[in-house]
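Following: one structure in structure tokens, then a few remarks.
This chain uses plain numbering: 1 for the first residue, then up along the sequence. Any value given below was found using the heavy atoms of this structure, including those in side chains, with hydrogens, waters and symmetry copies removed. Numbering of ligands and ligand atoms starts at 1, following listing order.
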Amino acid sequence: MSATIPPKIKNQIQVVQGDITKLDCDCIVNAANRSLLGGGGVDGAIHRAAGPELLAECRTLHGCRTGEAKITRGYRLKVKYIIHTVGPIYSGTPEDAVQLADCYRNSLELAKTYDIHSIAFPAISTGVYGYPLDAATPIAVDTVADWLQSHADYDMKVIFCCFDARTKQAYQTKME
Ligand code: ADP
């Protein structure tokens with residue numbers, strides 16, 4: 001994991017506060033559950049904003065394992081694509097961190113195969129799934145920074161979309 005983030009990588013990462021469904025970039029990431037059939041939190045907000053066509057496409061995907069990622073179109077959102085990833089339900093075991101990092105890495109890999117060049121992530125697992133923000137934030141930032149560094153030839157912009165001020169503060173502190 002990265003100790004300090006190189007300036008070039010920092011320039012590819014933006015921390016914003018707001019509703020991820022309002023963003024205008026190539027792709028947003030959904031913190032989904034294994035059914036991929038909608039839920040509460042950011043998942044519910046994305047399904048409401050994207051419309052019923054999203055649920056129809058999600059039904060064809062037959063769920064998603066924890067740490068993995070699947071892609072759909074964006075429907076009524078401004079984004080072309082939505083990547084659905086399933087974060088771990090926090091259990092306090094080392095597996096949590098592995099699976100949370102997998103969410104970010106697999107989402108970025110999938111995005112690259114779809115020629116996506118800007119992607120926004122919510123703070124996966126830090127809501128209903130109970131991952132402590134202070135533990136989840138360095139995993140999110142370091143995993144993304146490591147991926148960007150190892151794909152230096154690929155133009156990718158990453159937005160961390162924080163729903164509340166506390167989450168934004170945690171990301172900004174980690175980025176400094
Ligand atoms: P999980 O089940 O992975 O914990 P949640 O949706 O409960 O997912 O929470 C993940 C994060 O998404 C939390 O920080 C929550 O505040 C945030 N969140 C909820 N709604 C939105 C939204 N519309 N845009 C961005 N982030 C959101």
(message) In this structure, is the centre-to-centre distance between the rings of F160 and Y171 below 6.0 Å?
(response)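 Aromatic pair counts; centres sit under 6.0 Å.
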Purely on distance, is any nitrogen or oxygen of [X] under 3.5 Å from one on ligand 1?
X    : value
Y129 : yes
I20  : yes
T167 : no
D43  : no
G127 : yes
V42  : yes
S125 : yes
I124 : no

Donor-acceptor pair, [X] side chain versus [Y] backbone, under 3.5 Å?
X    : Y    : value
K70  : I83  : no
N106 : A69  : no
D19  : F163 : no

(request) Mind checking side-chain hydrogen bond (donor to acceptor under 3.5 Å, both in side chains) for R59 and listing every partner two or more places apart, or none if nothing turns up? (result)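 With neighbours one apart ignored, the set is empty.
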Return the closest protein heavy atom for [atom] as residue, atom name and distance.
atom                    : value
atom 16 (O) of ligand 1 : F163 CB, 3.6 Å
atom 7 (O) of ligand 1  : V128 N, 2.9 Å
atom 14 (O) of ligand 1 : T126 OG1, 3.2 Å
atom 8 (O) of ligand 1  : A31 CB, 4.0 Å

(request) Answer yes or no: is there a side-chain heavy-atom contact under 4.5 Å between T72 and C58? (result)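 With C-beta onward as the side chain, the pair touches.
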Taking only heavy atoms of [X], which atoms of ligand 1 are found under 4.0 Å from at least one of them?
X    : result
A123 : 10 (C), 11 (C), 14 (O)
D19  : 22 (C), 23 (N), 24 (N)
A45  : 23 (N)

(request) Examine the side chains of H84 and E68 and answer whether a donor and an acceptor come within less than 3.5 Å of each other. (result)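 No, E68 and H84 have no side-chain donor paired with an acceptor closer than 3.5 Å.
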(request) Answer yes if the side chains of S91 and E95 hold a donor-acceptor pair under 3.5 Å, and no otherwise. (result)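 No pair is found: no donor N or O on one side chain lies under 3.5 Å from an acceptor on the other.
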(message) Counting only heavy atoms not in Y114 (residues, nucleotides, ligands), do more than 12 fall under 6.0 Å from its OH?
(response)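 Result for OH/Y114: open.
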(message) To check you understand the geometry: which heavy-atom pair defines the closest contact between S107 and T85, and what is its length?
(response)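 Shortest heavy-atom separation between S107 and T85 comes out as OG-CB, 3.7 Å.
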(request) Examine ligand 1 and decide if any of its atoms is less than 4.0 Å from a heavy atom belonging to G18. (result)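 Under 4.0 Å: yes for G18.
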